[in-house]
Amino acid sequence: MSAMPRWICLALICAMARPGWASEPVQTITLANGEWAPYLSANLPDQGYASRIVSEAFRRVGIRVRYDFYPWARAEAMVKSGEIAGSVVWSITPERLQFALFSDPVVSDEEVVFHLAGRKMAADNVQDFYGMTMATPNGSRLGIWQEAIRAGNIRNYVTKDIQTGMRQLLLGRLDFFPLIRSVGLAELRQHFTPGERAAIVAAPHVFVRTDYRLMLSRKAPGAASLLRRFNQGLAALRASAEYRRMEQDFLAGHYDSPRAP
């Protein structure tokens with residue numbers, strides 16, 4: 001017999017301790033998390049900005065959160081199989097809707113193009129980049145660039161991580177680097193010198209604006225009820241002065257650097 005998932009074990013413990021548990025939301029939830037600074041990271045304060053929002057929204061409805069960190073493909077597979085109750089934070093796709101429920105948006109951000117400041121280029125649509133070379137970090141989706149890459153109109157290299165891609169951009173090995181704006185800027189602030197940061201700019205045109213959400217497994221007991229409670233807590237958090245302080249911390253770079261040991 002395979003090992004019983006942790007969240008099922010927790011639910012059974014609650015069932016023995018409290019009759020009628022099936023009609024009530026669990027009081028502790030374990031979620032899969034991953035590395036996507038400044039939003040998510042095992043090494044950042046509060047485990048990243050998005051992690052803090054999710055934890056605080058759940059706290060407001062009486063639920064504690066534990067995060068376990070996994071590679072992204074593994075986290076998604078665990079949600080699909082029901083091995084874990086859910087994961088943070090994800091965009092909605094038709095494939096994921098088959099096995100998961102999604103919350104209201106936790107964070108929203110914009111995909112833009114990073115390029116060398118000294119290189120003037122049109123950057124308003126995908127066709128402007130035909131004949132050029134870009135990169136995607138390992139594990140990232142190609143998104144709007146996929147068709148042009150498959151057609152051979154844009155060359156794409158998969159890099160180990162965002163920092164590696166930025167350094168290839170500085171060396172002239174890439175023409176542009178599509179990234180979520182705040183993620184790219186945080187990477188530059190954390191790992192690059194002022195001179196290096198000045199050499200790279202984010203073009204103003206927004207190619208995609210994406211909402212990222214809590215994703216719960218459809219196989220998790222009481223998932224729909226848990227999602228309703230989370231959305232209630234998230235709405236209450238967004239209406240609070242605490243949320244405005246959290247936003248200010250995020251914009252000030254509070255989640256750029258690893259927390260002190």
Side-chain angles (χ1 to χ4, degrees), residues 5-18 20-70 75 78-79 82-92 100-109 182 211-260:
R6 289 184 298 277
W7 58 266
I8 293 180
C9 293
L10 174 63
L12 291 174
I13 292 170
C14 290
M16 291 185 288
R18 184 178 57 198
W21 71 275
S23 62
E24 301 178 6
V26 297
Q27 298 305 300
T28 301
I29 185 171
T30 300
L31 299 174
N33 209 322
E35 294 298 321
W36 193 45
Y39 288 121
L40 308 165
S41 177
N43 300 314
L44 290 178
D46 304 309
Q47 296 176 309
Y49 179 56
S51 298
R52 183 180 177 190
I53 292 174
V54 171
S55 295
E56 181 58 27
F58 268 126
R59 188 191 68 79
R60 286 173 178 261
V61 293
I63 297 172
R64 295 178 299 170
V65 180
R66 169 185 165 179
Y67 295 114
D68 289 345
F69 285 78
Y70 301 95
M78 291 172 73
V79 175
E83 187 177 348
I84 200 163
S87 184
V88 291
V89 284
W90 297 79
S91 60
I92 296 175
L101 303 174
F102 288 86
S103 72
D104 293 338
V106 174
V107 293
S108 300
D109 214 329
S182 62
D211 295 327
Y212 298 94
R213 308 164 189 262
L214 169 69
M215 179 170 72
L216 295 180
S217 175
R218 291 183 181 271
K219 295 184 178 180
S225 175
L226 184 64
L227 192 68
R228 286 194 295 271
R229 292 187 71 185
F230 174 78
N231 284 336
Q232 291 169 0
L234 183 61
L237 174 62
R238 290 196 186 282
S240 70
E242 180 178 358
Y243 180 75
R244 291 188 288 277
R245 289 193 295 270
M246 291 165 62
E247 280 190 312
Q248 291 171 356
D249 286 346
F250 175 67
L251 294 173
H254 177 71
Y255 296 96
D256 285 357
S257 302
R259 58 191 171 190

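Quantities reported herein were computed from a predicted structural model and do not represent experimental measurements. The figures that follow rest on heavy atoms only: side chains count, while hydrogens, waters and symmetry mates do not.
- Atom CD of residue Q248 and atom NE2 of residue H254 lie 12.5 Å apart, to the nearest 0.5 angstrom.
- In this structure, E247 has no salt bridge (Lys or Arg N to Asp or Glu O under 4.0 Å) partners at least two apart in sequence or on a different chain.
- Listed by first and then second residue, the side-chain hydrogen bond (donor to acceptor under 3.5 Å, both in side chains) pairs involving residues 51-62 are N33-S51, R52-Y255, S55-Y67, E56-R59, E56-R60, R60-E242 (not counting sequence neighbours).
- Note that the OG atom of S103 and the CG atom of L216 stand 7.5 Å from one another [nearest 0.5 Å].
- Note that CG of D46 is 12.0 Å distant from CG of L40, once rounded to the nearest 0.5 Å.
- Using modelled atom types, no side-chain atom of R213 and backbone atom of F102 make a donor-acceptor pair closer than 3.5 Å.
- Using a distance-only test at 3.5 Å, with no hydrogens or angles considered, no donor-acceptor pair links the side chain of S108 to the main chain of D211.
- Residues that satisfy the side chain to side chain contact (heavy atoms under 4.5 Å, CB included) test with A252, not counting sequence neighbours, are absent from this structure.
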**OP:** Give the intermediate values and the outcome of side chain to side chain contact (heavy atoms under 4.5 Å, CB included) for residues V79 and I84.
**Re:** CA-CA 6 Å; V79 175; I84 200 163; 4.0 Å; yes
Original post:
T28 and R64: side chain to side chain donor-acceptor pair (under 3.5 Å), yes or no, with the steps?
Top reply: CA-CA 5 Å; T28 301; R64 295 178 299 170; 3.2 Å; yes
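- Checked against side chain to side chain contact (heavy atoms under 4.5 Å, CB included), A75 has the following partners two or more places apart in sequence or in another chain: A32, Y70, S87, W90.
- The minimum heavy-atom distance between F250 and P38, with the atom names listed, is CE1-CG, 3.5 Å.
- Rounding to the nearest 0.5 Å places CG of L214 at 12.0 Å from CD1 of I53.
- With sequence neighbours left out, D104 forms a salt bridge (Lys or Arg N to Asp or Glu O under 4.0 Å) with no residue at all.
- Distance check, rounded to the nearest 0.5 Å: OH of Y49 to CG of D249 gives 9.0 Å.
- At least one donor-acceptor pair closer than 3.5 Å links the side chain of R238 to the backbone N or O of V106.
- Taking the side chain to side chain contact (heavy atoms under 4.5 Å, CB included) definition, one finds that R228 meets it with A224, S225, sequence neighbours left out.
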